[in-house]
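Below: the structure, in structure tokens.
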Amino acid sequence: MELQVYNTLTRKKEIFKPINPPHVGMYVCGPTVYGDAHLGHARPGITFDIVFRYLKFLGYKVRYVRNITDVGHLENDADEGEDKIAKKARLEQVEPMEIAQFYTKRYLDAMDLLNVLRPSIQPSASGHIIEQIDIVKKILDAGYAYVSGGNVYFDVLKYHNDTHKYGILSNRVIEDMLQTTRELDGQKEKHNPADFALWKKAEPEHIMRWPSPWSDGFPGWHLECTAMSAKYLGDKFDIHGGGLDLLFPHHESEIAQSVCAFGHEPTNYWIHNNMITIAGQKMGKSLGNFITLEELFNGTHKLLEKAYSPMTIRFFILQAHYRSTLDFSNEALTAAEKGLKRLLEAQRNINNITPSNNAAELDIKALINNCKEAMDDDFNTPIVISNLFEAASIINKIIDGKEKINSEGLEDLKALFNNYLVDILGIKDEQTSNMMPTIEGLVKMILDVRQEARMNKDWAKSDQLRDKLAEIGVKIKDSKDGVSWSLD
RNA sequence: GGUCUCUUGGCCGAGCGGCUAGGCACCGGUCUGCAAAACCGUCUACUCCAGUUCGAAUCUGGAAGAGACCUCCA
């Protein structure tokens with residue numbers, strides 16, 4: 001089966017065919033770095049990490065570009081000329097670039113903890129002002145933009161009349177939009193309310209500014225992605241991704257910009273992840289109902305009953321398909337945590353299995369095949385996980401002596417977990433830290449003492465040791481073959 | 001108001017015409033000095049109404065509810 005991806009542009013699943021195999025170019029809209037990353041940021045980070053990982057697994061050579069938006073864009077719809085990063089900088093009395101650097105680092109740290117692979121290139125908007133100005137010039141030359149009071153605006157109506165393309169991605173009818181667009185402040189310079197800025201003149205108090213042929217100012221909201229994707233992936237590349245909330249106007253406008261600047265649409269496949277909701281409502285910075293990743297990892301948010309590890313968050317997100325909304329709750333997160341633990345314990349137990357020669361065949365290959373088909377079907381990670389649970393159940397039965405496996409089956413089992421759980425889903429065993437050798441030694445020592453007590457039928461002492469260990473998070477399991485333990 | 005999407009069991013969440021998804025929780029059992037884990041088993045579903053079909057959670061029409069986008073947002 002070939003990889004099929006759901007293309008937002010055509011609204012159906014399509015067989016993935018790269019322009020220039022084995023190379024694949026993928027551009028994903030990254031964060032605006034004026035605040036800590038929250039649970040919502042984890043979704044696209046992980047979604048496109050999966051795409052990245054799976055394409056590589058399939059043998060493609062992927063160049064993955066994810067931008068850092070450090071030109072903060074406007075704070076609100078009134079053209080006050082102050083952007084988010086500049087505002088934060090003013091409030092904290094630091095350089096805007098300090099704000100951007102600070103939150104960029106924190107964003108990347110959080111993504112690292114989530115085991116999100118670093119993209120091939122992470123360009124920043126502020127580092128590509130020249131390229132953005134160049135795109136503005138191209139669009140002006142093509143006749144689809146106009147200068148007005150030091151600003152440059154994209155002429156949406158002219159573009160639409162000539163190409164009939166404004167709205168192809170978001171399925172919007174421009175005539176409707178023109179009627180419903182509200183009266184906004186500072187719109188005088190625009191020919192039409194639907195027009196969007198390519199270049200904005202900076203007000204005197206606006207501290208983030210660059211020189212341009214039109215004014216000292218800053219680039220428009222949608223320009224950086226057009227400029228940077230074209231620079232690093234070419235003006236026609238394979239995949240463009242981002243959150244569903246960016247569909248309109250951001251991605252729609254990117255298409256318009258590319259068509260005018262380069263004569264064609266920027267990408268073949270548009271992939272959008274859905275939102276994470278909290279109590280059924282979108283979690284978002286502007287809604288103030290978000291939980292930062294740090295709070296999640298520490299358990300410090302008032303909505304959290306406890307801390308959740310980065311892998312729990314990752315697993316939680318992967319248990320839903322990326323195009324579905326995913327509702328946050330303590331119950332759901334706890335369920336994910338327990339399920340993940342079970343899966344990881346099964347994975348560890350693979351190493352304790354001794355294959356039997358005369359074992360009947362267990363059809364591990366079917367599970368591997370299921371996983372492959374699930375990933376090929378628009379990255380259906382929940383199905384992959386359900387198959388891994390099937391495998392976990394088989395492993396447990398073998399460990400329990402209720403099932404046997406031959407060496408080929410065992411190898412398949414190892415491959416299944418290594419390929420799908422570790423490499424593709426990117427789940428790592430957080431227990432395997434560098435402290436482990438020490439802890440292992442200590443626990444073994446204590447268990448030896450306990451074993452002695454048990455030999456003497458000193459149950460009180462045995463239980464006391466078990467309870468004390470449990471208190472510090474070491475769980476003991478007694479079985480016929482001996483004692484095993486795990487960290488809680 | 002316009003455009004679009006969603007509504008699955010106690011909770012989360014797949015499925016998209018016929019075949020028990022899966023996880024968590026609950027309950028019963030096996031195992032165990034006890035406990036935990038593990039294993040086995042059981043129980044809860046497709047918002048409502050009408051239609052198409054031999055057959056619908058899955059297709060069509062209608063109703064109700066929820067959400068997203070239309071303004072920066074992942």
Side-chain angles (χ1 to χ4, degrees), chain A residues 11 28-32 34-35 37-48 69 72-78 83-84 167 170-173 175-177 179-182 184 194 221 241-250 252 272-277 280-287 290 315-316 319-321 323-343 345-346 349 370 374 380-390 392-393 395-397 399-403 454 457 459 462-463 466-467 470 475-480 484-486:
Chain A
R11 292 170 175 251
V28 173
C29 293
T32 304
Y34 66 101
H38 57 77
L39 186 53
H41 287 103
R43 190 106 196 244
I46 289 169
T47 296
F48 294 101
T69 298
H73 305 318
L74 294 184
E75 171 67 16
N76 51 43
D77 49 16
D83 74 32
K84 288 172 176 172
S170 55
N171 226 11
R172 251 157 247 273
V173 181
E175 287 76 17
D176 293 344
M177 290 171 47
Q179 286 179 347
T180 54
T181 303
R182 278 173 278 160
L184 302 172
W221 312 328
L244 199 55
D245 50 350
L246 297 176
L247 196 66
F248 188 90
H250 185 56
E252 191 72 62
H272 291 94
N273 64 275
N274 215 317
M275 304 290 102
I276 287 180
T277 58
Q281 203 191 21
K282 179 179 145 183
M283 181 179 289
K285 233 170 234 175
S286 54
L287 295 168
F290 64 92
F315 190 70
F316 169 67
Q319 268 191 307
H321 189 259
R323 282 192 287 116
S324 303
T325 55
L326 172 60
D327 199 54
F328 161 88
S329 69
N330 279 289
E331 219 177 343
L333 241 13
T334 303
E337 183 179 54
K338 288 186 180 169
L340 174 61
K341 193 181 169 214
R342 186 153 159 242
L343 223 41
E345 244 166 71
N349 268 332
N370 290 345
N380 198 328
T381 54
I383 297 289
V384 173
I385 289 171
S386 78
N387 279 285
L388 287 170
F389 274 114
E390 293 291 328
S393 176
I395 292 166
N396 289 335
K397 280 179 197 170
I399 293 292
D400 225 41
K402 288 183 173 158
E403 198 85 73
R454 297 184 74 204
K457 303 234 182 244
W459 305 124
S462 162
D463 288 1
R466 182 177 62 196
D467 294 345
K475 267 202 182 146
I476 289 175
K477 297 176 208 166
D478 291 322
S479 71
K480 296 189 274 279
S484 66
W485 60 275
S486 65

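Rounding to whole angstrom units, CD1 of residue A:I395 and P of B:rC39 are separated by 10 Å. Remark: P of B:rA36 and CZ of A:R454 are 15 Å apart, rounded to the nearest angstrom. Spacing between atom CZ of A:R43 and atom P of B:rC73 amounts to 19 Å, rounded to whole angstrom units. When rounded to the nearest whole Å, the span between CD of A:E345 and P of B:rA38 equals 7 Å. Residue A:D327 contributes atom CG, which lies 21 Å from atom P of B:rU5 at whole-angstrom precision. In this structure, A:I476 places its CD1 atom 16 Å from P of B:rA38, rounding to the nearest Å. Atoms CG (A:N274) and P (B:rA14) sit 10 Å apart, rounded to a whole Å. Note: NZ (A:K341) to P (B:rA37) measures 8 Å, nearest angstrom.
Across all their heavy atoms, A:L39 and A:I276 have their closest contact at O-CD1, 3.6 Å. Looking at every heavy atom in both residues, A:F248 comes nearest to A:S170 through CD1-OG, 3.3 Å. Nearest heavy-atom pair, A:G280 versus A:D327, reported as atom, atom and distance to 0.1 Å: N-OD1, 3.1 Å. Here the closest non-hydrogen pair linking A:I395 and A:A346 is CG2-O, 3.5 Å.
Using atom C1' as the reference point in both B:rU7 and B:rA45, the two lie 13 Å apart (nearest Å). B:rG18 and B:rC11 are spaced 29 Å apart, taking the C1' atom of each and rounding to whole Å. Atom P of B:rG67 sits at a distance of 39 Å from the matching atom of B:rU42, rounded to the whole Å. For B:rG1 and B:rA63, the P atoms lie 14 Å apart once the distance is rounded to whole Å. One C1' atom belongs to B:rU47, the other to B:rG65, and the distance between them is 8 Å to the nearest Å. Look at the P atom in both B:rC69 and B:rG28: the space between them is 46 Å, to the nearest Å. Taking the P atoms as reference points, B:rA38 lies 24 Å from B:rU44, given to the whole Å. Here the separation of B:rG15 from B:rC59, taken at their C1' atoms, is 15 Å to the nearest Å.
A:N396 is listed as a side-chain neighbour of A:R342, based on a closest heavy-atom distance under 4.5 Å.
Considering only side-chain atoms of A:A320, the nucleotide from B:rG22, B:rA36, B:rA14 that sits closest is B:rA14. Checking B:rA14, B:rG33, B:rC72 against the side-chain heavy atoms of A:P382 singles out B:rA14 as nearest. Here the side chain of A:N396 is nearest to one of B:rG33, B:rA36, B:rA38, namely B:rA38. Of all nucleotides listed (B:rC73, B:rC69, B:rC40), B:rC40 comes nearest to the side chain of A:S393. With distances taken from any side-chain atom of A:R11 to the nucleotides B:rA38, B:rG2, B:rC4, the minimum falls on B:rC4.
Partner of A:N370 under the side-chain contact (heavy atoms from CB on, under 4.5 Å) criterion, out of A:N387, A:L388, A:V384: A:N387 alone.
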Side chain to side chain contact (heavy atoms under 4.5 Å, CB included) between A:N274 and A:S324, intermediate numbers included: CA-CA 6 Å; A:N274 215 317; A:S324 303; 5.6 Å; no
Stepwise side chain to side chain contact (heavy atoms under 4.5 Å, CB included) check, A:F389 with A:L343: CA-CA 7 Å; A:F389 274 114; A:L343 223 41; 3.7 Å; yes
Derivation of the side chain to side chain contact (heavy atoms under 4.5 Å, CB included) call for A:K341 and A:K338: CA-CA 5 Å; A:K341 193 181 169 214; A:K338 288 186 180 169; 5.5 Å; no
Sugar-phosphate or base contact per nucleotide [nucleotides 24-31 of chain B; S, B, -; heavy atom under 4.0 Å]: SS------
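Within 4.0 Å (heavy atoms only), A:L246 reaches sugar-phosphate atoms of the nucleic acid but no base atom. Residue A:D463 is in base contact, counting any heavy-atom pair closer than 4.0 Å across all strands shown. Among the protein residues, A:D478 comes within range of the nucleic acid bases, having at least one heavy atom under 4.0 Å from a base atom.
The side chain of A:K475 contributes no N or O atom lying less than 4.0 Å from OP1 or OP2 of B:rA35. Applying the 4.0 Å criterion to OP1 and OP2 of B:rU3, one finds that A:N171 has every side-chain N and O outside that range.
The distance from the OG1 atom of A:T381 to the NE2 atom of A:H321 is 6.5 Å, given to the nearest 0.5 Å. For the atom pair CZ of A:F316 and CZ of A:R43, the computed distance is 8.5 Å after rounding to the nearest 0.5 Å. Note that NE2 of A:H272 is 7.5 Å distant from SG of A:C29, once rounded to the nearest 0.5 Å. The distance from atom CZ of A:R323 to atom CG of A:N380, rounded to the nearest 0.5 Å, is 9.0 Å. If you take CG on A:L246 and CD on A:E252, they are separated by 12.5 Å, rounding to the nearest 0.5 Å. Separating the CH2 atom in A:W221 from the OG1 atom in A:T32 is a distance of 13.0 Å, to the nearest 0.5 Å.
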Under 3.5 Å, N/O pairs linking protein and nucleotides 15-18 of chain B:
residue, atom, partner, partner atom, Å
B:rG15, OP1, A:N380, ND2, 3.0

Would you list the protein and nucleotides 64-68 of chain B atom pairs, both N or O, that sit under 3.5 Å from each other?
residue, atom, partner, partner atom, Å
B:rA68, OP1, A:K282, N, 3.4

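Applying the ring pair (Phe, Tyr, Trp, His ring centres under 6.0 Å) criterion to A:F315, with sequence neighbours excluded, gives no partner residue. The salt bridge (charged side-chain N to carboxylate O under 4.0 Å, His left out) check on A:K397 picks up nothing, with sequence neighbours excluded.
Of the residues near RNA chain B, A:A332 and A:S462, the one whose nearest nucleotide (by heavy atom distance) lies more toward the 5' end is A:A332. The 5' end of RNA chain B is approached more closely, in terms of each residue's nearest nucleotide, by A:S170 than by the other of A:F315 and A:S170.
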Canonical and wobble pairing (Watson-Crick, G-U, under 3.5 Å) of RNA chain B, dot-bracket with |: (((((((..(((.....[...)))..((((.......)))).....(((((..]....))))))))))))....
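Residue side chain A:R466 does not reach the base of B:rA36 through any donor-acceptor N/O pair under 3.5 Å, judged by distance alone.
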